[in-house]
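Right, one structure below, let's go through it.
Everything numeric here is computed off the predicted structure, so don't read it as measured data.
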Amino acid sequence: MANGIDKAFMEQLKSKTDIVQVIGSYIPVKKNGGNHWACCPFHHERTPSFSINQDGQFYHCFGCHTGGDVIKFVQEYESLTFIDAVRLLAEKAGMEMPESSYDAERVAKERKEKDRALSMMKETARFYAANLHAEVGEPFRKYLLGRGVDEKAMKRFGLGASPDFESLITYLSQKGYKKEEMLKAGVAGEKNGRVYDALGGRLIVPVINQMGEVVAFGGRLMEQKPKFAKYKNTQETDLFQKRKTLYNLNLVKKLKNEKGLNEIVVVEGYMDTISLYCAGFCNVVASMGTALTSDQARMIKRYVDTVIISYDGDFAGQNATLRGLEILESEGLKVKVAVMPEGLDPDDVIRKQGAEAYRKILNESLPLIDFKLLSLKRKYDLTTTDGRRDYLGEALEIVRNVKDNFVKEDLLKTLREDTGISYESLYRDADRGTENKKKETPVPVQVTAPASDAGTSATRFILYSLLTGKKFAKQADVEELDFTHPVHRVIADYLYEKFAAGEAPNASMLYDVLEQTDHAELDAIFAESSRDGQDYLTAKKYYEDCVKTVKRAILQSEIDALTKAFKHESDTEKRKELAVYLQKRTVQLKKLS
């Protein structure tokens, strides 16, 4: 059984599933040499170091050292459990899931707890919504109407009100929910033994995920109070993680299904989203007031290829925010930035200048690279010599990283207009930073082990070569070599079993055979794919050297043991016998030198 699922089923599932196609459905993948390459989706990078081995059906990133099979990739990318990842792939392959003993009791318990938590969040949302439309909600409704949010929008977004700190707790208790459940879901807080509504006294905005489930709440004070934050969110819980959440994605998903969608506009807060929606801009989500993450980028990528960032007019110089936009680009999205008037946010523009003014801003959105230059221009005083020079120093560094020559030329013309420096001079300076750089290649720096670990490194390459069917790898080495590392022994046994049955090994199956704690060593073995760029004769010679290294290590170990035994042996006949063995092993070792 592989993680509680029949081994034969797992082998069949993996034989029907092409890891390159699966990963390629999430991120851009290109073939280079024998492998496929991509920018790693699990850490931010510009040069591809994420290698996908189609024959072995595994991946390995040489940047962050993560690795695994197709199931692990789907688990990590989609934030799924193992069993849910298997179920998703089985559905795509047209296979019916078998009976599973995969922690069935634990999974059932977790599912029950999650369902109950979601049910409580739904009840909480109903309670808040009822308050908004009752007498106690009049001040909140008046505020919303003043912001241009009509009754229809209040219901569409499920807006609510929390007039005090006690009534929600009473309501949920009467519904049968316990204090511990309220605290765990984040709807309640506790101080000095007193449980209270975590968002008491605030206008309430429920956060609904793409599945239509209420997972959190946002609260806004009607008037600023000392020591109280104007905006407050539910704390992060099992149901709610900011980095994996986009506000209003549920309605955007519905819009995509009903009418189609070309682009998504990303704003910073709930009220911006609601205000824009009321003004006719329905393709809007909010990033929860934090820098954008890879998880959020992937969520957007499922719906559109183009994203427009529409933050307030003061964010241009925020480096963390700009890095977040680069993350969007690294996920394959086309990123544009709506340039807001200084000091205004989207809601301000709608209320003060009207919907058409905001639409014009969206239509004139700048590509990310152009916005970076605009941000620098705002940062420096170009009327001074120092300001122009500092601006050019940073701007040219941005231009150097542009791959397309026509874009680079256009940007240099912009710099010429901004500074008065000739195009030819700017071109030389921009080119100077790249002329000595080596041509980028997706093949990562070769992974080598310390000299003291030469035996381990050699064994890893031998096992990698056997697992991936290299022509120079000899099946007999599985029997002849002594694999001392426990993970290496398991892999050797797997190879022996496959070779004896006349079958080719499926490298990815080892992620099911080995324990989770052993996957790191398996990843290290698959990291030997860094040598796949070598020509056949070089790789063959290296393999033979590795076999010699392992054999020398085995012989040296025997010699050390025999020497120790010889020193402590007092029986003359046994000493002679040990001496013969010792001489024999010493001769064998010299022949391998």
* Could you tell me whether E503 and K498 make a salt bridge, using a distance below 4.0 angstrom between a side-chain N and a carboxylate O? => yes

* With no hydrogens and no angle check, is any side-chain donor or acceptor of K336 less than 3.5 Å from a backbone partner on P367? -> no

* To do: Might you confirm whether atom NZ of K540 has over 12 heavy atoms from other residues, nucleotides or ligands at distances under 6.0 Å?
  => no

* To do: Please check if the side chain of N248 supplies one atom and the backbone of V284 the other of a donor-acceptor pair under 3.5 Å.
  => yes

* **Student check: side-chain heavy atoms of L249 and N209 closer than 4.5 Å** => no

* Distance (rounded to the nearest 0.5 Å) between L325 CG and L333 CG -> 11.0 Å

* Asked: Does a sphere of radius 6.0 Å around CZ in R302 hold more than 12 heavy atoms from other residues, nucleotides or ligands, not counting ones at 6.0 Å or beyond?
  -> yes

* N-O pairing of K72 and E76 below 4.0 Å -> no

* With sequence neighbours excluded, residues passing side chain to side chain donor-acceptor pair (under 3.5 Å) with K541 -> D545

* Asked: Can you name the residues that form a side chain to side chain donor-acceptor pair (under 3.5 Å) with D295, not counting sequence neighbours?
  -> R243, R298

* N35 and D532: side chain donor to acceptor below 3.5 Å -> yes

* Structure fact -> CD1 of I369 to CD of E326, rounded to nearest 0.5 Å, is 8.5 Å

* To do: Return yes when atom CD of E96 has more than 12 non-hydrogen atoms of other residues, nucleotides or ligands closer than 6.0 Å, and no otherwise.
  => no

* **Results of salt bridge (Lys or Arg N to Asp or Glu O under 4.0 Å) for D560 - residues two or more places apart only** => none

* To do: Quick one: which residue pairs count as a ring-ring contact (aromatic ring centres under 6.0 Å, His included) with a foot in residues 239-268, not counting sequence neighbours?
  => Y247-Y270

* Is the closest side-chain heavy-atom distance between V187 and M121 below 4.5 Å? -> yes

* For atom OH of Y496, is the number of surrounding heavy atoms from other residues, nucleotides or ligands below 6.0 Å larger than 12? -> no

* How close do E263 and N283 get, heavy atom to heavy atom, and via which atoms? -> O-ND2, 2.9 Å

* Asked: Within the side chain of E268, is there an N or O that forms a donor-acceptor pair under 3.5 Å with the backbone of A286?
  -> no

* Is a side-chain donor-acceptor pair under 3.5 Å present for E78 with Y26? -> yes

* To do: Can you sort out the partners of Y59 under ring-ring contact (aromatic ring centres under 6.0 Å, His included), two or more places apart, ordered by chain and number?
  => F50, F73

* Would you please name every residue forming a side chain to side chain donor-acceptor pair (under 3.5 Å) with N506, sequence neighbours left out? => S508

* **Contact check, side chains of Q57 and I52, non-hydrogen atoms, under 4.5 Å** => no

* Heavy atoms of other groups near N262 CG, more than 12 under 6.0 Å -> no

* Asked: Taking C-beta and beyond as the side chain, do I327 and L292 meet within less than 4.5 Å on heavy atoms?
  -> no

* Check the angle between the aromatic planes of Y77 and F42 and answer parallel, tilted or perpendicular using the 30° and 60° thresholds. => perpendicular

* Asked: Between H60 and F62, is the gap from one ring center to the other below 6.0 Å?
  -> yes

* To do: Not counting sequence neighbours, which residues clear side-chain contact (heavy atoms from CB on, under 4.5 Å) with D477? List them please.
  => K474, E480, L481, Y543, V547

* Pairing residues for Y542 by the ring-ring contact (aromatic ring centres under 6.0 Å, His included) criterion, not counting sequence neighbours -> F461

* Asked: Taking all non-hydrogen atoms of both residues, which atom of P206 and which atom of F217 are closest, and how far apart?
  -> CA-CD2, 3.6 Å

* Structure fact -> Rounded to the nearest 0.5 Å, the CG atom of L589 sits from the NZ atom of K551 at a distance of 12.5 Å

* So which heavy atom on P41 is nearest to which on E331, and how close? -> O-OE2, 3.9 Å

* Test log, rule side chain to side chain contact (heavy atoms under 4.5 Å, CB included), inputs L463 and L495 -> CA-CA 9 Å; L463 291 173; L495 286 167; 4.0 Å; yes

* CD/Q588 to NZ/K591 distance, rounded to the nearest 0.5 angstrom? -> 7.5 Å

* Who pairs with H36 by ring-ring contact (aromatic ring centres under 6.0 Å, His included), at least two apart in sequence or on another chain? -> none

* Residues K301 and D305 bridged, charged N to O under 4.0 Å -> yes

* To do: List the steps and the verdict of side chain to side chain contact (heavy atoms under 4.5 Å, CB included) for F157 and L251.
  => CA-CA 9 Å; F157 287 94; L251 294 184; 3.9 Å; yes

* To do: Say whether, by atom type as modelled, one donor and one acceptor occur between the side chain of T245 and the main chain of Q241 under 3.5 angstrom.
  => yes

* List in chain and number order the residues that pass side-chain contact (heavy atoms from CB on, under 4.5 Å) with V304, two or more places apart in sequence or in another chain; answer none if no residue qualifies. => L261, I264, I300

* T293 backbone acceptor or donor facing Q296 side chain under 3.5 Å -> yes

* Apply side chain to side chain donor-acceptor pair (under 3.5 Å) to D69 and list each qualifying residue two or more places apart in sequence or on a separate chain. => K14

* Starting at NE2 of H65, measure out to OG of S49 and round the result to the nearest 0.5 Å. => 9.0 Å

* To do: Would you indicate whether Q583, at its atom CD, is surrounded by more than 12 heavy atoms from other residues, nucleotides or ligands within a distance under 6.0 Å?
  => no

* Asked: Taking the side chain from E236 and the backbone from K242, do they hold a donor-acceptor pair closer than 3.5 Å?
  -> yes

* With E181 via salt bridge (Lys or Arg N to Asp or Glu O under 4.0 Å) - residues at least two apart -> R116

* To do: Output, in order, the C-alpha distance, side-chain angles, deciding distance and verdict of side chain to side chain contact (heavy atoms under 4.5 Å, CB included) for L13 and M95.
  => CA-CA 8 Å; L13 175 62; M95 295 175 64; 4.0 Å; yes

* Asked: With a 4.5 Å heavy-atom cut-off, do E528 and S457 have their side chains touching?
  -> yes

* Atom pair CD1 (I308) and NZ (K334), whose distance is rounded to the nearest 0.5 Å -> 9.5 Å

* Asked: Do L578 and L582 come close enough that some side-chain heavy atom pair is under 4.5 Å?
  -> no

* To do: Look only at the side chain of Y511 and the backbone of G68, and say whether a donor-acceptor pair between them is shorter than 3.5 Å.
  => yes

* With no hydrogens and no angle check, is any side-chain donor or acceptor of S119 less than 3.5 Å from a backbone partner on D115? -> no

* **Closest non-hydrogen atom pair, L328 against A297** => CD2-CB, 3.6 Å

* Asked: Taking all atoms of both residues into account, what is the closest heavy-atom pair of I27 and C39, and its distance?
  -> CD1-O, 3.9 Å

* Asked: Just wondering, more than 12 heavy atoms not from E180 lying within 6.0 Å of its CD?
  -> yes

* To do: Quick one: do D518 and E521 satisfy side chain to side chain contact (heavy atoms under 4.5 Å, CB included)? Show the steps, please.
  => CA-CA 6 Å; D518 295 329; E521 179 58 25; 5.6 Å; no

